[in-house]
S.K.: 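Quick one: the structure is below, questions incoming.
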Amino acid sequence: VHGEGFFERPLTPPLEGQYGSMVRTVLRVRLVANSLLAYLKLKEWDMVTYIGMRTINILRGGQENLEPEQEASNGWIAGSETGKIYYRTAVAFKELDDKYEARRLLKVAVLYLPNDGRVRELIRECALRLG
């Protein structure tokens with residue numbers, strides 16, 4: 001909080017043309033995405049769901065029951081990292097046998113990561129089976 005003024009300024013090369021506050025936000029999102037990956041590798045499913053959902057709720061801005069298209073901010077500079085947060089959290093929910101929540105998160109993840117085969121594969125794994 002005390003450093004906010006420091007970050008509200010244009011940066012010098014190699015980050016020229018960017019603002020410190022945006023760079024800081026992108027780095028924080030990337031840190032969460034990478035932390036989730038580490039916890040996934042450790043099979044700490046509860047930690048992944050806790051950190052992932054806490055972050056997703058912050059990204060949602062406290063709004064509930066958003067449609068995936070509303071939730072995914074197209075053009076967001078940290079879109080791929082945000083998609084990884086949704087995807088990695090969905091992986092943990094699947095491992096905890098909560099495919100319903102995994103499917104909900106994957107609907108958003110695929111909007112951020114439309115060309116990621118891992119996301120599409122997990123969608124198939126979590127699909128409802130009829131009959």
Side-chain angles (χ1 to χ4, degrees):
V1 172
H2 299 290
E4 290 295 324
F6 175 79
F7 291 105
E8 288 301 325
R9 61 188 176 96
L11 299 175
T12 58
L15 301 172
E16 191 169 10
Q18 299 182 42
Y19 277 84
S21 59
M22 183 57 69
V23 171
R24 182 182 67 168
T25 300
V26 170
L27 290 174
R28 290 176 79 180
V29 171
R30 187 173 296 146
L31 175 64
V32 171
N34 290 340
S35 296
L36 293 178
L37 178 60
Y39 283 117
L40 281 177
K41 289 181 177 184
L42 294 170
K43 299 183 180 186
E44 295 280 345
W45 315 126
D46 290 327
M47 187 62 82
V48 175
T49 58
Y50 174 75
I51 294 171
M53 289 309 298
R54 186 179 68 180
T55 303
I56 289 167
N57 287 330
I58 291 169
L59 292 169
R60 288 175 175 162
Q63 297 181 29
E64 295 290 325
N65 301 318
L66 293 172
E67 293 295 320
E69 293 78 16
Q70 293 172 306
E71 201 164 334
S73 302
N74 293 328
W76 164 233
I77 193 167
S80 65
E81 286 82 7
T82 303
K84 290 174 185 175
I85 292 171
Y86 278 86
Y87 168 74
R88 291 171 179 166
T89 306
V91 168
F93 274 111
K94 178 190 175 277
E95 291 296 330
L96 291 170
D97 206 31
D98 187 347
K99 290 184 179 179
Y100 173 78
E101 189 62 34
R103 283 191 298 272
R104 287 186 55 214
L105 295 171
L106 288 168
K107 288 178 183 177
V108 180
V110 75
L111 296 173
Y112 282 115
L113 303 167
N115 300 318
D116 193 320
R118 296 171 302 168
V119 174
R120 299 207 180 273
E121 178 61 30
L122 190 59
I123 289 171
R124 284 190 289 279
E125 291 176 17
C126 292
L128 289 174
R129 305 288 184 226
L130 301 176

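Values below: every heavy atom of this structure, side chains too, minus hydrogens, waters and symmetry copies. This structure is a prediction, so every number in the text was calculated from the model and none was measured.
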S.K.: Could you measure the distance from the OH atom of Y87 to the CG atom of L37? Nearest 0.5 Å is fine.
M.R.: 9.5 Å

S.K.: Taking only residues two or more places apart in sequence or in another chain, which ones pass side-chain hydrogen bond (donor to acceptor under 3.5 Å, both in side chains) with R28?
M.R.: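 R28: no side-chain hydrogen bond (donor to acceptor under 3.5 Å, both in side chains) contacts found.
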
S.K.: When rounded to the nearest 0.5 angstrom, what distance separates CD1 in I56 from CG in L105?
M.R.: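 I56 atom CD1 to L105 atom CG measures 5.0 Å (nearest 0.5 Å).
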
S.K.: Compare every heavy atom of A78 with every heavy atom of V26, then report the nearest pair and how far apart it is.
M.R.: CG2-CB, 4.1 Å

S.K.: Let's go through M53 and R60 carefully: what are the C-alpha distance in whole Å and the side-chain angles of both, what is the deciding distance for side-chain contact (heavy atoms from CB on, under 4.5 Å) to 0.1 Å, and is it a yes or a no?
M.R.: CA-CA 10 Å; M53 289 309 298; R60 288 175 175 162; 4.0 Å; yes

S.K.: What closest approach, in Å, do E125 and K99 show between heavy atoms, and which atom pair accounts for it?
M.R.: O-NZ, 3.6 Å

S.K.: On a heavy-atom basis, which atom in G83 and which in A109 lie closest, and how many Å separate them?
M.R.: O-CB, 3.9 Å

S.K.: Once rounded to the nearest 0.5 Å, what's the spacing between atom CD1 of I85 and atom CZ of R54?
M.R.: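 Reported to 0.5 Å precision, the distance equals 11.0 Å.
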
S.K.: Can you tell me how far apart OH (Y50) and OG1 (T55) are? Round to the nearest 0.5 Å.
M.R.: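 Rounded to the nearest 0.5 Å, the OH-OG1 separation comes to 9.5 Å.
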
S.K.: Could R118 and E121 be called an ion pair, given the rule that one side-chain N must be under 4.0 Å from one carboxylate O?
M.R.: no

S.K.: Could K84 and E81 be called an ion pair, given the rule that one side-chain N must be under 4.0 Å from one carboxylate O?
M.R.: no

S.K.: How far apart are the closest heavy atoms of L122 and K94, and which atoms are they?
M.R.: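 Shortest heavy-atom contact: CD1-CD, 3.2 Å.
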
S.K.: Minimum heavy-atom separation for A102 to A90, with atom names?
M.R.: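 Scanning both residues completely, I find the closest heavy atoms to be CB-O, 3.5 Å.
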
S.K.: Ignoring hydrogens and geometry, is there a side-chain-to-backbone donor-acceptor pair from R120 to P114 under 3.5 Å?
M.R.: yes

S.K.: Between A92 and W45, what is the shortest heavy-atom contact and its length?
M.R.: CB-O, 3.7 Å

S.K.: Could you tell me the separation between the CZ atom of R103 and the CG atom of D98, rounded to the nearest 0.5 Å?
M.R.: 8.5 Å

S.K.: If you measure from CD on E101 to CG on L96, what distance do you get to the nearest 0.5 Å?
M.R.: 11.0 Å

S.K.: Quick check on side-chain contact (heavy atoms from CB on, under 4.5 Å): which of V110, D116, N115, L111 does L113 satisfy it with?
M.R.: D116

S.K.: Spell out, as yes or no, whether a donor-acceptor pair under 3.5 Å connects the side chain of R88 to the backbone of V48.
M.R.: no

S.K.: Which residue in the set T49, I51, L31 passes side-chain contact (heavy atoms from CB on, under 4.5 Å) when paired with L36?
M.R.: I51

